[in-house]
Amino acid sequence: MGLTRQYLRYGVAAVFGLIASPKGNVAYVRLRGESGRYVAVPACEHVFLWDTRRGEKVLILQGLKQEVTSLCPSPDGLHLAVGYEDGAVRVFSLLNGEVIVTFNGHKASVTALKYDQLGGRLVSGSKDTDVIVWDIINESGLYRLKGHKDAVTQVLFLREKNLLVTSGKDTLVKWWDLDTQHCFRTLVGHRTEVWGLVLVSEEKRLITGAADSELRVWDITYLQEGKDPGEPESKKSKGSLAGAEETCSIDETLDLHEASEERLLRCSKVGSIMRDGRDRIVTLATDQTGRILACHGTDSILEVFYVLSEDEIHKKMERKMKKARKKARQQLQKEEEEPESSIELSLQEEIQRLVNIKASAKIKSFDLILSPKGELKATLLLQNNTVETYALNPSAQTPQVARVSKITIGGHRSNVRTLAFSSDNIAVLSAAAESVKIWNRSTLQCIRTMECEYALCSLFVPGDRQVIIGTKTGKLQLFDLASGGLLETLAAHDGAVWSISLSPDQFFLSLYGHKLPVLCMDITFDGALIATGSADRNVKIWGLDFGDCHRSLFAHNDSVMYLQFVPKSHLFFTAGKDHKIKQWDADKFQHIQTLEGHHQEVWCLAISPSGDHVVSSSHDKSLRIWERTREPLIVEEEQEMQREAEYEENVAKEEQPVVAGEVQGETGLAGKKTIETIKAAERIMEAIEMYREETAKLKEHEAICTAAGKEVPLPVNPVLQAYGNISPSSYVLEVFKKVKSSEVEESLLVLPFSYIPDLLTLFNEYIQVGTEVELFCRALLFLLRIHFGQITSNQMLVTVIENLKKTTISKVSEAQKHPPAGSVFEAGRVSQMVSQLYSVLPERKYFQQQC
């Protein structure tokens, strides 16, 4: 058996050339005590925070692998919730950029995030059609709401009511009562997908945007309003709204739940506002005050509207009334003959069009902020890797739009199709359809930008003072790096120039074998081998001595777009449309490692002359540098790690555990089974098994001591000794406390029932001494819910349950009166838990009946 060949591992060093990814949304954040200056944007798997005034990146919120799809800052401005493509939701601290909590519940990408008014709850919507409400303070999931039949597009908490409104691509708008976790109303007045919704006019009006040019406006009447003692009666709609309620009496047809006791509000359509755009709504949003409304479609126009307040409507009505009376007097008619009810305000007068903002490219998302001085700022995330900020005065007679900032220097406007390294390994060249950029590899700063034609290939001229660009029109362009000017343009070919080389070698072989066009090739430094990559997803390695094919390798799951040998070796890298970069050994014909990080097609790569760095470009607009480390890589170990990663990925896709006795309904558990919850459950089981063994050993030791009549040394478990000679029950406590709060329920759900009696006994012990009362009350309630039948039919648990009932009530009452110093004990919530426990925990007579 031969020696195993070792390689050195390449790891990602940096991401650059990216300003913002168009897959998520832009959001204003409060940073360093300032609002309206800093914005958060998605950047592949990371989140970048930009200073729009200086055009600088001030903070990076580091992600893992999955792409960012949604952002939402907290009301206090201290945190940022980030949704990812795999369904995870992470909450970051904007003070230090660290992850505070991770929620795993969705099975597909997160499409919408929103905090409630106090910032204590977070709701997320996803492509998996579910809506999940998360408890930020307790770091756990509250419940999952099921009802939509297609991807959820928007979610909104109401400020004053415990209600939630959601929209989806299934054409439905659903109202949820969060007290009962029940959908009490569904609006079915849309014929196409509902892409956005907002609440305006103090949450008495709902505006929805669909796949047409119409913004539908709905009046909301809360049926409990009359019961509020401090609520004035004059809050009903005026003028056209009252008339519209009569004419738009389709309320009954829009309500799928006709039971009167379930109706918390009435929602009736009052009209529509026509947009200038003819395509679907992409983003529909308001500023924090709800006074400024804006929307855009798939074009580059942002339409801005102004929503009149009740006072402004009242003043406008009075002015209109005066004009009508004056006109009546001029016509010599009596004032009484002119009915006041005929004076109405149209919907277009109540929601006035302010201005249209024309961006430099297609808009993907935007965010608004209204300064205390009345200036409106709109930051737009564009499709071409650009962030623009516009300002206007909405109170002006004719608002003038001014672009106040544009962040562009940090990246290309289109896909980078060619890369090259300088001979000293310091400079990196990247070229796209509009420009050539030179980057400093160590600082990742753009040091030169030069306009060019559509570039397809490039190289540094020996000496690194000039670069040559091959273009799509068949030209060769020579640029001087010192001046940044175009020195010469040569019409070299009639068609596109796909590759240029300074090598003096002549091509003398014709090679046949690929089934689809060859897209890339490279020759080794010694001229012994040539490797070719094709659209047939294969890489072929040929000998240049006879032109024979040494081996054909299935390289990628899509076209092989680029291939290059590492200098002074027979190792080479390939880039594919399957988002991956792979390293190969051309002598042993084996795959060495896969570099994952890009989220879309990888177009090209370049290897530094030293072989220590690889730079790659992708359709996701990012440039990535991969650095050769000193860590040895063994192929067999790499393959084993890849199989483990595939297993962990498949675990998350398996069917979720089912709670016994539960039927499919509108609500469900918020979390989902992941490899982390399975590992947590395994650690709990191992701890309980150790607790059983050590407890048995203690009893046996006591018997030995009694028989011997003296104290016999007790052998100490090395694990317990490592924790400081703690007791077995304390070890279980330590293991349980290390389970993430957001994963407690899912970890307990996969525990076999044989471990539950021991857990219940230990819970009673922990609560009795006042340890983590809230956590163990929550875990206890969950265990009773999922194992109620088995617990109540087990005679051995009678005493345990009776003790638990006494302990929880006494300890929670004590903690409410005297909360522990420095704790976040929430008396109201735990008291509610205990009342639930008291109603769930069975009486002794119930045990006797069951047994």
Side-chain angles (χ1 to χ4, degrees), residues 72 74-76 78-83 88-93 98-106 110 113-124 130-145 155 157 162 164 176 178-181 659 667-674 676-677 680-681 684 733 735-749 759 763 766-767 770-786 808 811-813 815-816 819-837 840:
C72 182
S74 63
D76 59 9
L78 299 177
H79 305 108
L80 182 70
V82 183
V89 177
R90 294 184 180 88
V91 180
F92 288 85
S93 168
E98 298 295 326
V99 178
I100 296 174
V101 62
T102 300
F103 297 121
N104 289 303
H106 292 293
V110 177
L113 286 172
K114 198 67 67 177
Y115 279 93
D116 67 357
Q117 187 181 12
L118 299 177
R121 292 179 299 175
L122 176 72
V123 61
S124 60
D130 290 344
V131 175
I132 301 179
V133 180
W134 307 95
D135 187 339
I136 298 296
I137 299 171
N138 202 31
E139 298 184 358
S140 63
L142 293 177
Y143 36 79
R144 181 189 303 265
L145 303 175
V155 288
F157 280 108
N162 195 24
L164 179 73
W176 305 84
L178 298 183
D179 290 328
T180 60
Q181 295 105 54
V659 179
T667 60
L669 292 177
K672 71 172 182 180
K673 183 174 73 172
T674 62
E676 286 79 14
T677 60
I684 293 172
L733 173 64
V735 171
F736 201 88
K737 285 166 64 176
K738 287 181 180 178
V739 179
K740 293 181 180 178
S741 180
S742 57
E743 297 173 354
V744 168
E745 282 83 357
E746 287 295 327
S747 301
L748 293 174
L749 187 57
L759 263 186
F763 283 0
Y766 300 148
I767 297 173
T771 305
E772 300 285 346
V773 175
E774 183 179 357
L775 171 65
F776 291 113
C777 282
R778 177 179 141 208
L780 176 59
L781 181 61
F782 183 75
L783 287 178
L784 288 169
R785 175 185 167 191
I786 62 176
T808 50
K811 284 297 174 183
V812 169
S813 301
Q816 284 177 329
S823 74
V824 290
F825 188 91
E826 295 200 5
R829 180 165 56 197
V830 178
S831 178
Q832 186 180 2
M833 280 187 186
V834 172
S835 63
Q836 288 178 306
L837 283 172
V840 170

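Going from atom CD of Q181 over to atom CG of L142 covers 8.5 Å, rounded to the nearest 0.5 Å. Rounded to the nearest 0.5 Å, atoms OH (Y143) and CG (L669) are 13.5 Å apart. To the nearest 0.5 Å, the span separating CG on L780 from CZ on R785 amounts to 13.5 Å.
Closest of all the heavy-atom pairs between G141 and A670 is CA-CB, 3.5 Å. The two residues R778 and E745 have their closest heavy-atom pair at NE-OE2, 2.8 Å. Listed here is the closest heavy atom pair of D76 and L78: OD1-N, 3.0 Å. Considering every non-hydrogen atom in both F763 and L783, the closest pair reads CE2-CD1, 3.6 Å. Scanning all heavy atoms of the two residues, the minimum distance from S140 to S741 falls at CB-O, 3.9 Å. K114 and C72 make their closest contact through CA-SG, 3.7 Å (heavy atoms, listed as atom of the first residue, atom of the second, distance).
No donor-acceptor pair closer than 3.5 Å links the side chain of R144 to the backbone N or O of I132. Under a 3.5 Å cut-off, the side chain of S742 and the backbone N or O of T102 do form a donor-acceptor pair. Remark: the backbone N or O of I136 is not paired with any side-chain donor or acceptor of E139 at under 3.5 angstrom.
Between V739 and L748 the shortest side-chain heavy-atom distance does not fall below 4.5 Å. By the 4.5 Å heavy-atom criterion applied to side chains, L145 and V123 are not counted as neighbours. Residues N104 and E743 meet the side-chain proximity criterion, which asks for heavy atoms closer than 4.5 Å.
Partners of Y766 under the ring pair (Phe, Tyr, Trp, His ring centres under 6.0 Å) rule, at least two apart in sequence or in another chain, are F776. Residues passing the side-chain contact (heavy atoms from CB on, under 4.5 Å) test with S93 are H79, L95, N96, I100, sequence neighbours excluded. Residues passing the ring pair (Phe, Tyr, Trp, His ring centres under 6.0 Å) test with W176: none are found, sequence neighbours excluded. Applying the salt bridge (Lys or Arg N to Asp or Glu O under 4.0 Å) rule to R121 yields the partners D116; only residues at least two apart in sequence or on another chain are considered. By the salt bridge (Lys or Arg N to Asp or Glu O under 4.0 Å) test, E676 pairs with no residue at all, sequence neighbours left out. In this structure, the ring pair (Phe, Tyr, Trp, His ring centres under 6.0 Å) partners of F103, at least two apart in sequence or on a different chain, are W134.
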Side chain to side chain contact (heavy atoms under 4.5 Å, CB included) evaluation trace for F782 with V744 = CA-CA 9 Å; F782 183 75; V744 168; over 6 Å; no
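A side-chain contact (heavy atoms from CB on, under 4.5 Å) with V91 is found for exactly one of V101, V99, L80, namely V101.
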